[in-house]
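This report refers to the structure that appears directly beneath it.
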Amino acid sequence: IEDPDPIPPVADFAADNTSPFTGSVVNFTDQSTNNPTTWSWSFNPSTVTFINGTDANSRNPQLTFDVAGTYDVTLTSSNSFGSDTEFKTAYVVVTDPLPVVLPWVEDFESFSGFSYYSANTSAIDGLPGWSYENTENGRLRFNVGSDFCYSGSHAATLDASPSGTVSVNHLITTLNLSDYASSNQLELSFMYMHHGEEDHNNDRVWIRGSDADPWIEAYNLYASRASAGVWKSVVQIDIDQLLADNGQTPGANFQLRFGQEDDSPTLNPTASDGYTFDDITIAEMDANAYVINSFPYTQSWESGEGLWVQSGDDDFDWTWHSGTTISATTGPSGAHDGTYYLYTESSSPRANGDQAFIEATFDFTSLQNPELSFFYHMYGTTMGSLHVDIHDGTAWNNDVWVASGELQNAETDPYAQALVDLTAWGGQSNIMIRFRGSVGNGGGIVYYSDMAFDMIEVDGTAAPQPPVADFMADNTQ
């Protein structure tokens with residue numbers, strides 16, 4: 001075996017984006033010749049952050065630029081025969097994203113890039129501010145076909161190709177929300193569809209106030225998915241509250257990340273793996289827009305969760321579903337009304353006592369004796385408990401109604417009806433109703449705790465109204 005030519009390297013490099021926004025990921029690629037074995041990168045100014053396990057001595061580092069400005073980049077490549085240095089002055093020009101004017105809407109219709117992406121990229125043609133990261137066989141596409149678009153002719157599909165290796169995809173956008181740092185009305189909404197996806201840790205949506213802050217989980221895609229190939233509408237993700245609860249505020253480098261993890265490609269809308277996203281919106285929304293004040297009110301989940309919100313204060317989300325649950329000998333065979341219902345998927349990683357909350361806000365000023373009706377199904381040998389709680393504007397009143405343990409004896413048994421007297425809160429506004437499901441104690445088999453509820457109705461007698469004064473005389477002459 002002959003040794004390599006005894007000559008030092010000739011250093012060279014390239015970046016996939018030399019005009020990034022602050023906080024965007026930039027991928028540097030070593031292009032040195034003559035077989036270098038060590039690398040040393042430096043940046044002037046030094047306000048950069050290496051990410052994804054890379055550092056200044058990585059061959060192909062990934063990093064974010066933390067401060068706007070013009071950066072010089074230096075690479076020294078070495079082997080046993082010597083070294084060489086490549087210096088590129090003013091190579092990267094970094095700017096802060098322009099301040100966003102809300103509502104911000106991304107429908108991917110301006111996309112003009114490649115047919116697919118299978119490597120990390122800090123820039124996507126036609127979609128400023130977006131970047132993509134993956135592992136193994138991860139893939140991003142924007143033009144899979146008309147069946148994959150909620151509106152228009154483009155949407156973002158994340159999957160793995162070729163199949164066989166579990167891969168992670170992250171699609172990230174960086175937005176300048178500094179003008180909304182003090183807003184308490186920031187809401188995220190989007191449409192998504194799954195294509196046979198199984199549950200993985202990266203099937204989530206995250207936010208963070210800046211690129212230097214920790215990621216905050218905002219939504220569990222798997223737990224709240226519709227049936228494969230069916231679009232799911234997600235609304236009322238309270239951005240400012242999630243950030244505030246974690247000591248963050250929306251800034252000039254606010255980031256939103258969509259994730260997917262699995263091992264197979266998307267072949268059609270219902271198979272085999274993957275998620276597709278479309279019509280992503282961040283807007284300032286008046287909280288009153290989400291208050292239910294028209295009665296009689298009904299909700300049977302046929303078009304998603306409506307004005308009901310999956311709480312961030314619980315352990316997992318209620319699952320929107322049709323047909324039987326994924327576990328045998330627990331849960332219903334279908335909905336009580338229509339096709340869809342909500343249930344607690346209690347399979348791993350659920351543990352004894354884990355709770356799922358979903359809640360909505362009501363204005364009862366027009367009702368004197370409000371009453372809540374719903375239908376519920378509790379089949380499973382380790383069934384937990386279902387609770388109705390009421391928040392009166394000051395504190396939660398837990399266990400206004402409770403059912404515990406196995407009620408039905410088979411998946412096909414009919415739902416039971418519950419009637420809950422809410423007279424104590426009649427005539428009041430800002431009343432929250434919460435359904436709280438608690439996984440049962442199964443001694444290692446907690447998955448026999450798939451409880452469900454469906455067909456909510458709220459009504460009552462009208463509140464008495466004060467008189468409206470008026471009069472007349474039989475002769476005014």
Side-chain angles (χ1 to χ4, degrees), residues 8-80 82-100 119-124 128-135 170-178 181 206-216 243 246-257:
V10 176
D12 196 11
F13 64 87
D16 67 347
N17 187 358
T18 58
S19 303
F21 290 136
T22 51
S24 298
V25 177
V26 179
N27 302 283
F28 282 82
T29 302
D30 169 49
Q31 296 180 337
S32 304
T33 59
N34 301 332
N35 303 305
T37 55
T38 62
W39 302 265
S40 177
W41 297 82
S42 64
F43 299 83
N44 183 29
S46 60
T47 49
V48 301
T49 300
F50 292 92
I51 63 171
N52 296 331
T54 66
D55 58 32
N57 300 119
S58 298
R59 180 174 187 176
N60 300 310
Q62 301 173 23
L63 59 138
T64 61
F65 291 85
D66 303 327
V67 178
T70 301
Y71 287 74
D72 302 329
V73 183
T74 303
L75 169 63
T76 299
S77 300
S78 306
N79 62 20
S80 59
S83 63
D84 184 48
T85 297
E86 175 70 4
F87 173 76
K88 296 187 180 184
T89 184
Y91 182 62
V92 179
V93 178
V94 182
T95 57
D96 287 325
L98 294 175
V100 169
N120 295 340
T121 180
S122 60
I124 299 173
W130 286 91
S131 61
Y132 169 63
E133 301 174 2
N134 72 349
T135 66
H170 288 151
L171 180 60
I172 305 165
T173 189
T174 302
L175 301 170
N176 186 342
L177 293 182
S178 57
W206 300 265
I207 61 171
R208 58 181 176 180
S210 79
D211 61 291
D213 290 328
W215 287 106
I216 302 165
L243 293 173
N246 289 273
Q248 301 181 25
T249 57
N253 303 114
F254 168 86
Q255 291 188 317
L256 168 64
R257 181 172 75 177

With sequence neighbours excluded, what pairs up with [X] under the ring pair (Phe, Tyr, Trp, His ring centres under 6.0 Å) test?
X: F21; value: none
X: W41; value: F13, F28
X: F87; value: none

Nearest heavy-atom pair of [X] and [Y]: which atoms, and what distance?
X: S78; Y: S83; result: OG-CB, 3.1 Å
X: T121; Y: I124; result: CG2-CG1, 4.2 Å
X: Q31; Y: A14; result: NE2-CB, 3.7 Å

For [X], check side-chain contact (heavy atoms from CB on, under 4.5 Å) against everything at least two apart and list the hits.
X: T85; value: T74, T76
X: S80; value: none
X: A56; value: F50
X: T33; value: V10

Of all residues at least two apart in sequence or in a different chain, which pass the side-chain hydrogen bond (donor to acceptor under 3.5 Å, both in side chains) check with T49?
D66
Who pairs with D72 by side-chain hydrogen bond (donor to acceptor under 3.5 Å, both in side chains), at least two apart in sequence or on another chain?
T89
What pairs meet the salt bridge (Lys or Arg N to Asp or Glu O under 4.0 Å) rule with one or both residues in residues 36-49, with sequence neighbours excluded?
none
Mind checking whether [X] and [Y] have side chains closer than 4.5 Å, heavy atoms only?
X: L243; Y: I216; result: yes
X: T38; Y: S77; result: no
X: F43; Y: V92; result: no

Taking [Y]'s backbone N and O only, do any of them form a donor-acceptor pair with [X]'s side chain (distance below 3.5 Å, no angle check)?
X: N17; Y: V26; value: no
X: N253; Y: D211; value: no
X: N35; Y: N79; value: no
X: Q248; Y: G209; value: yes
X: Y71; Y: V48; value: no
X: N176; Y: P97; value: yes

Rounded at 0.5 Å granularity, tell me how far [atom1] in [X] sits from [atom2] in [Y].
X: T249; Y: D213; atom1: OG1; atom2: CG; answer: 7.5 Å
X: F65; Y: S24; atom1: CZ; atom2: OG; answer: 10.5 Å
X: T174; Y: Q255; atom1: OG1; atom2: CD; answer: 3.5 Å
X: L98; Y: L175; atom1: CG; atom2: CG; answer: 11.5 Å
X: L171; Y: S131; atom1: CG; atom2: OG; answer: 7.5 Å
X: L63; Y: N52; atom1: CG; atom2: CG; answer: 10.5 Å

Salt bridge (charged side-chain N to carboxylate O under 4.0 Å, His left out) involving D12 - partner list, sequence neighbours excluded
K88
Does D30 have any salt bridge (charged side-chain N to carboxylate O under 4.0 Å, His left out) partners at least two apart in sequence or in another chain, and if so, which?
R59
Could you check Y132, W130, W206 and say which one makes a ring pair (Phe, Tyr, Trp, His ring centres under 6.0 Å) with H170?
W206
